[in-house]
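On a predicted model such as this, the values are computed, not experimentally measured, just so you know. Heavy atoms only: backbone and side chains are in, while hydrogens, waters and symmetry mates are out.
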Amino acid sequence: MGLSVTRTGNTFVAEIGGVDLAQPLDEATVEAIRQAWWDNSILVFRGQNLTQEQHVAFSGHFGELQGHTVKDWLLPTHPEILVLSNRGRGGVKPLENGGAYWHSDITYQAVPPMGSILYGLTVPPEGGDTLYADMHAAYEALDEETKALIADRVAIHNYKHRYLLMAEGGRRPDPTPEQLAEWQDVEHPVVLVHPESGRKCLFVNEGFTVSIKGLEKEESDALLQRLCAHSVKPQFVYAHKWRPGDIVMWDNRSTMHCATPYDAEKYERTMHRTTIKGITGQRAAAA
């Protein structure tokens, strides 16, 4: 059976069938997956069984991989893999429910990731879903007045504020001086042009976008709150209910995501994530 691409209803998600990601992939298969990724924003592969080496090898077809700034959750044997495990599997510190707020990954870096590939090893039978928001559709549904208001705006992103809030609550280890020095303000357009599809999308998120440049704090906060609330309306959101062996591959530039609650004392949730480096020259959208 050859590779198949099946759109999940009227969404930005497609399920890919007919491919075993544990096997070497020829260039035609890689290109078909890549094109499906650009045509959608999220790809789902069911029933996979990958070693850590195979996960890294598959991810490497789509670009250079990067680790995370918090080293406590990187797999010691494969630092390209971020371990999300409430049981601390793989020799990393336990992480009960990382990313339980709306965000795009690592937008607090000057060049944010292109995308991420998350592999579900052990998942709860209830709860622990991941929600994804379509930032293309969210932008397109804005009224013309709001589109004009944000057309040339630049947003400030930083990890420090979010991390310190979680550290104060005991959900993160205290940051090191090196981490604090690394987490500086970076600027990204509020509306960007996707480099592959050419479509416009919102590029702000609840997790790491701290302000909109040139606006007073009250006005900036209100606008960010409005844009983020708009982006996660039900018509823009897909809920992925994990099964063991699922792999979800998302475009970090055109989606946000959020982990949902589960009973962490009763159930284990262990997942491995690789992250694909972004490309420079991210373009703001023209008015």
Side-chain angles (χ1 to χ4, degrees), residues 1-23 25-50 55 58-59 61-63 99 102-105 112-120 123 127-142 191-203 205 228 230-260 271 273-276 278-279 285:
M1 181 177 68
L3 182 144
S4 63
V5 181
T6 305
R7 179 70 67 86
T8 304
N10 185 28
T11 69
F12 54 113
V13 183
E15 188 165 322
I16 307 298
V19 61
D20 180 355
L21 301 183
Q23 301 302 315
L25 303 180
D26 59 37
E27 190 56 32
T29 300
V30 172
E31 285 307 309
I33 294 171
R34 192 192 313 274
Q35 187 59 54
W37 202 18
W38 303 155
D39 292 343
N40 302 277
S41 290
I42 296 174
L43 301 182
V44 177
F45 303 80
R46 300 283 193 183
Q48 301 295 318
N49 184 15
L50 303 187
H55 186 181
F58 170 65
S59 306
H61 285 299
F62 304 96
W102 282 104
H103 65 288
S104 301
D105 290 329
M114 174 191 297
S116 295
I117 300 177
L118 186 59
Y119 179 27
V123 299
D129 303 336
T130 304
L131 308 179
Y132 294 91
D134 183 351
M135 302 302 274
H136 286 309
Y139 171 78
E140 290 162 2
L142 289 171
V191 182
L192 64 80
V193 175
H194 193 281
E196 277 75 35
S197 70
R199 295 174 63 193
K200 295 178 181 179
C201 56
L202 284 174
F203 197 67
N205 65 85
C228 289
H230 166 80
S231 299
V232 298
K233 289 179 178 177
Q235 62 265 38
F236 308 134
V237 173
Y238 162 76
H240 185 75
K241 298 186 180 300
W242 288 91
R243 307 174 194 168
D246 278 1
I247 287 179
V248 177
M249 176 176 179
W250 66 86
D251 188 320
N252 194 58
R253 299 158 298 190
S254 58
T255 64
M256 286 198 299
H257 57 280
C258 176
T260 65
M271 316 185 95
R273 191 187 88 191
T274 53
T275 304
I276 305 165
I279 56 175

- Task: State which residues pass salt bridge (Lys or Arg N to Asp or Glu O under 4.0 Å) with K233; sequence neighbours excluded, sorted by chain then number.
- Result: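 Salt bridge (Lys or Arg N to Asp or Glu O under 4.0 Å) list for K233, sorted by chain: empty.
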All side-chain contact (heavy atoms from CB on, under 4.5 Å) counterparts of [X], not counting sequence neighbours:
{"X": "R273", "answer": "H68, L82, D105, I106, S116, L118, W250, T275"}
{"X": "A32", "answer": "L3"}
{"X": "D246", "answer": "R46, H240, W242, R243"}
{"X": "A239", "answer": "L131"}

- Query: Does the side chain of S41 come under 3.5 Å of the side chain of T255 through a donor N or O and an acceptor N or O?
  - Reply: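 Note: S41 and T255 side chains miss the donor-acceptor criterion.
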[X] vs [Y] side-chain heavy atoms within contact, under 4.5 Å:
{"X": "T29", "Y": "V19", "result": "yes"}
{"X": "I276", "Y": "P113", "result": "no"}
{"X": "F203", "Y": "M135", "result": "no"}
{"X": "L21", "Y": "F45", "result": "yes"}
{"X": "I16", "Y": "V5", "result": "yes"}
{"X": "V248", "Y": "Y132", "result": "yes"}

- Please check if the distance between the ring centroids of F58 and Y119 is under 6.0 Å.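 Aromatic pair excluded; centres sit 6.0 Å or further apart.
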To the closest 0.5 Å, what do you measure between [atom1] ([X]) and [atom2] ([Y])?
{"X": "C228", "Y": "N205", "atom1": "SG", "atom2": "CG", "result": "6.5 Å"}
{"X": "L25", "Y": "H61", "atom1": "CG", "atom2": "NE2", "result": "4.5 Å"}
{"X": "N40", "Y": "D251", "atom1": "CG", "atom2": "CG", "result": "10.5 Å"}
{"X": "I42", "Y": "F12", "atom1": "CD1", "atom2": "CZ", "result": "4.0 Å"}
{"X": "M114", "Y": "F62", "atom1": "CE", "atom2": "CZ", "result": "10.0 Å"}

- Classify the angle between the aromatic ring planes of H136 and H194 as parallel (below 30°), tilted (30 to 60°) or perpendicular (above 60°).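 Tilted.
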- Item | For H103, ring-ring contact (aromatic ring centres under 6.0 Å, His included) partners two or more places apart |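 H103: ring-ring contact (aromatic ring centres under 6.0 Å, His included) contacts with Y101, F208, H257.
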Indicate the atoms forming the closest heavy-atom contact of [X] with [Y], along with that distance.
{"X": "G120", "Y": "M271", "result": "CA-CE, 3.8 Å"}
{"X": "L202", "Y": "A138", "result": "CD1-CB, 4.2 Å"}
{"X": "S231", "Y": "M256", "result": "CB-CE, 3.9 Å"}
{"X": "G18", "Y": "S4", "result": "N-OG, 4.5 Å"}
{"X": "W102", "Y": "C258", "result": "CD2-CB, 3.6 Å"}
{"X": "A141", "Y": "F236", "result": "CB-CZ, 3.6 Å"}

- Task: For the pair R7 (side chain) and T11 (backbone), establish whether a donor and an acceptor sit closer than 3.5 Å, ignoring hydrogens and angles.
- Result: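 Looks like yes, one N/O pair under 3.5 Å.
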Of all residues at least two apart in sequence or in a different chain, which pass the side-chain hydrogen bond (donor to acceptor under 3.5 Å, both in side chains) check with [X]?
{"X": "E140", "value": "R199"}
{"X": "D39", "value": "Q35"}
{"X": "D134", "value": "none"}
{"X": "T274", "value": "H55, S59"}

- Is the number of heavy atoms from other residues, nucleotides or ligands within 6.0 Å of CG (D20) greater than 12?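 Yes.
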